[in-house]
Amino acid sequence: MTENITEVVVIGGGYAGVMAANRLTQRDDVRVTLINPRPNFVERIRLHQLVAGTHEALADYGKVLSERVLLVVDTVTRIDSDGRSAKLAGGGAVSYDYLIYAVGSGSVDPRVPGATEFAYPIATIEDAQRLRPVLGATPDTAAVTVVGAGPTGIEIAAELAEQGRHVTLVCGGVLGPYLHPRGRRVVAERLAKLGVIVLEGGEAKVTAVTRDTVELSGGHTLRSAVTIWTAGFGVPDLAARSGLSTDAAGRLLTDETLTSVDDERVVAAGDSAAPSGLPFRMGCQSAVQLGPQAAETVLSRIAGKQPATIDVGFAGQCISLGRSAGIFQVSDKHDTANKHYLGGWPGAKLKELICWSTVWQLGYEARKPGKRTWWTKDDKRQQLLQAKGQEASTAADRAA
Ligand SMILES: Cc1cc2nc3c(=O)[nH]c(=O)nc-3n(C[C@H](O)[C@H](O)[C@H](O)COP(=O)(O)OP(=O)(O)OC[C@H]3O[C@@H](n4cnc5c(N)ncnc54)[C@H](O)[C@@H]3O)c2cc1C
């Protein structure tokens, strides 16, 4: 601390990091620095639209970030938690009293021969910007294969098929694993209407990708002029590289206050956080809730109070199915899909409203930090934590 100012550094200017940085500005004696590799905010939830050319995916930080937050455009290469500083790729380091780790997620190593060389991920803006001209240079009649049938795969398949492209969606398992069977039927019907060929089941796992083919476990080979890889997100390895404890996927391991299990001064939020080793589903839905709660943990510590434990509630999953249809799959608060959904054109309108309002709420937090809280008690998480604790003590008893 210098001159009674507490320095808080936030790494990552995505949904979680921006929410956290904005919320921290509640205190005048806190100086907030946000480090992000780009000078603009990326609306990752619109990256499939960026690829298809139906929407841009960049927003001005001036619209979403408080004027009180100092934005440093750089990449953190290492966190020195003993020395309390974050080393920058551009040279030098930024010191902190508290650090919020919100580096998000990106594409994951596909571990399928040829996929890294020949398939295009769309998990980051750089991925999407690389794919867009490739599609632009590919005739509309050429075969496009989308691998992975989670929300990202469904969204890009529908977006491109609506533009008249010949799309095959290779599920590797079931279409939309999160969806309730009723919601899944709606998605399947819409994809069929758009002409998307959906390959489901054990025979539809990709075993190899070449420049112009996709090989499947069932022995089939698909011709594919462009292959888009959407099967899962991975997280940056910054925490692991910095000697901080992570879960198996590389997310920073924290307690239920989002505090690193190694260091009280390091707090995590968003896709790159693994509270109690029980991470939430990756998504901006959880990121915009975890960001402010990470900030509250830091603010509590500064005030000499015990931080509250996290509370994250879910409403469902909203998937666009092209520009004129969508589905809002309703879930319980603890993130299990139920039989309710809103489909068709109203689903598309709701999806657009969600995309718009997500950016709006970042700006609202910038203007009125701490005014809005919306998280609700999720009783199931307590049960999960108890079950995990019991499992660990049984394993310890067995080992003794
Ligand atoms: C096409 C697509 C559609 C999606 N649709 C939805 C949806 O409808 N609903 C939903 O809930 N989720 C959706 N998601 C997922 C959602 O976008 C992410 O889960 C969300 O962005 C996570 O937020 P975050 O703040 O944790 O991380 P991010 O938004 O990934 O932000 C992390 C930031 O940290 C930066 N960073 C990384 N490493 C460093 C470093 N070393 N130094 C400095 N900065 C660093 C990154 O560059 C990035 O700017 C979608 C994703 C994609 C790709």
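All of these numbers come straight from a predicted model, not from anything done at the bench. Each ligand, and each atom within it, is numbered from 1 in the order the structure gives.
- Near Ile122, meaning under 4.0 Å from any of its heavy atoms, are these atoms of ligand 1: 53 (C).
- Between the side chain of Lys205 and the backbone N or O of Gly172, at least one donor-acceptor pair lies under 3.5 Å.
- Distances below 4.0 Å separate heavy atoms of Lys351 from the following atoms of ligand 1: 7 (C), 8 (O).
- When only interatomic distances are considered, the shortest N/O to N/O separation between Ala123 and ligand 1 does not fall below 3.5 Å.
- Distance from atom 36 (N) of ligand 1 to its nearest protein heavy atom, with residue and atom name: Val103 O, 3.9 Å.
- The shortest separation from a heavy atom of Phe233 to ligand 1 is under 4.0 Å, placing the residue in contact.
- Contact annotation: Ile11 has at least one heavy atom less than 4.0 Å from an atom of ligand 1.
- Residue Tyr15 has at least one heavy-atom neighbour below 4.0 Å for each of these atoms of ligand 1: 20 (C), 21 (O), 23 (O), 25 (O), 29 (O).
- One side chain, Thr124 or Asp127, offers a donor N or O that lies under 3.5 Å from an acceptor on the other.
- For atom 35 (C) of ligand 1, the nearest non-hydrogen atom from the set Ile156, Val235, Asn36 comes from Asn36.
- No hydrogens or angles considered: a donor-acceptor pair under 3.5 Å links the side chains of Thr210 and Thr213.
- Cation-pi geometry between Arg281 and Tyr178 is satisfied (NZ or CZ under 6.0 Å from the ring centre, within 45° of the ring normal).
- Ligand 1 places these atoms under 4.0 Å from at least one heavy atom of Gly270: 26 (O).
- Residue contact check for ligand 1: Pro37 places a non-hydrogen atom closer than 4.0 Å to it.
- At a heavy-atom distance under 4.0 Å, only backbone atoms of Ser105 (N, CA, C or O) approach ligand 1.
- Across every non-hydrogen atom of Val174 and Arg184, the tightest pair is CG2-NE, 3.8 Å.
- Between the side chain of Thr75 and the main chain of Leu88, no donor-acceptor pair closer than 3.5 Å is present.
- Atom numbering of ligand 1 starts at 1 in the shown order; those under 4.0 Å from a heavy atom of Cys318 are 8 (O).
- Side-chain contact of Thr152 with Thr230: a donor-acceptor pair under 3.5 Å is absent, judged by distance alone.
- A donor-acceptor pair under 3.5 Å is absent between the side-chain atoms of Arg46 and the main chain of Ala57, judged by distance alone.
- Cys284 N, 3.2 Å is the protein heavy atom nearest to atom 12 (N) of ligand 1.
- Every atom of ligand 1 with a heavy atom of Arg38 under 4.0 Å away is listed here by number and element: 47 (O), 49 (O).
- Atom 23 (O) of ligand 1 has its closest protein heavy atom at Ala287 CB, 3.5 Å.
- Contacts with ligand 1 closer than 4.0 Å are made by backbone heavy atoms (N, CA, C, O) of Ala102 only, the side chain lying farther away.
- The protein non-hydrogen atom at the shortest distance from atom 17 (O) of ligand 1 is Arg44 CB, 3.3 Å.
- Scanning the protein heavy atoms around atom 41 (N) of ligand 1, the nearest turns out to be Val76 O, 2.9 Å.
- Judged by the 6.0 Å and 45° rule, Arg84 forms no cation-pi pair with Tyr96.
- Geometric assessment of Arg38 against the ring of Tyr61 yields a negative cation-pi assignment under the 6.0 Å and 45° thresholds.
- Formation of a donor-acceptor pair under 3.5 Å by the Lys193 side chain with backbone atoms of Ala188 is not found in this model.
- Within the structure, ligand 1 lacks Gln317 among the residues with a heavy atom less than 4.0 angstrom away.
- Side-chain atoms of Arg111 and Thr116 form no donor-acceptor pair, as typed in the model, at a separation below 3.5 Å.
- Looking at Gln317 and Ser331, their side chains never bring a donor and an acceptor atom within 3.5 Å of each other.
- Among protein heavy atoms, the minimum distance from atom 34 (O) of ligand 1 is reached at Gly12 CA, 3.1 Å.
- Counting only distance, with no hydrogens or angles, the side chain of Asp97 and the backbone of Glu7 share a donor-acceptor pair below 3.5 Å.
- Residue contact check for ligand 1: Glu155 places a non-hydrogen atom closer than 4.0 Å to it.
- Interface atoms of ligand 1 facing Gln285, defined by a heavy-atom separation under 4.0 Å, are 11 (O).
- Less than 4.0 angstrom separates some heavy atom of Asp271 from each of these atoms of ligand 1: 18 (C), 19 (O), 20 (C), 22 (C), 26 (O).
- Nearest residue to atom 3 (C) of ligand 1 from Ile45, Thr75, Asp237, Ile154 is Ile45 (criterion: closest heavy atom).
- Between the side chains of Glu203 and Ser217, no donor-acceptor pair of N or O atoms lies under 3.5 Å.
- Scanning all protein heavy atoms for the shortest distance to atom 25 (O) of ligand 1 gives Ala16 N, 2.8 Å.
- With respect to atom 31 (O) of ligand 1, the closest heavy atom belonging to the protein is Gly14 CA, 3.2 Å.
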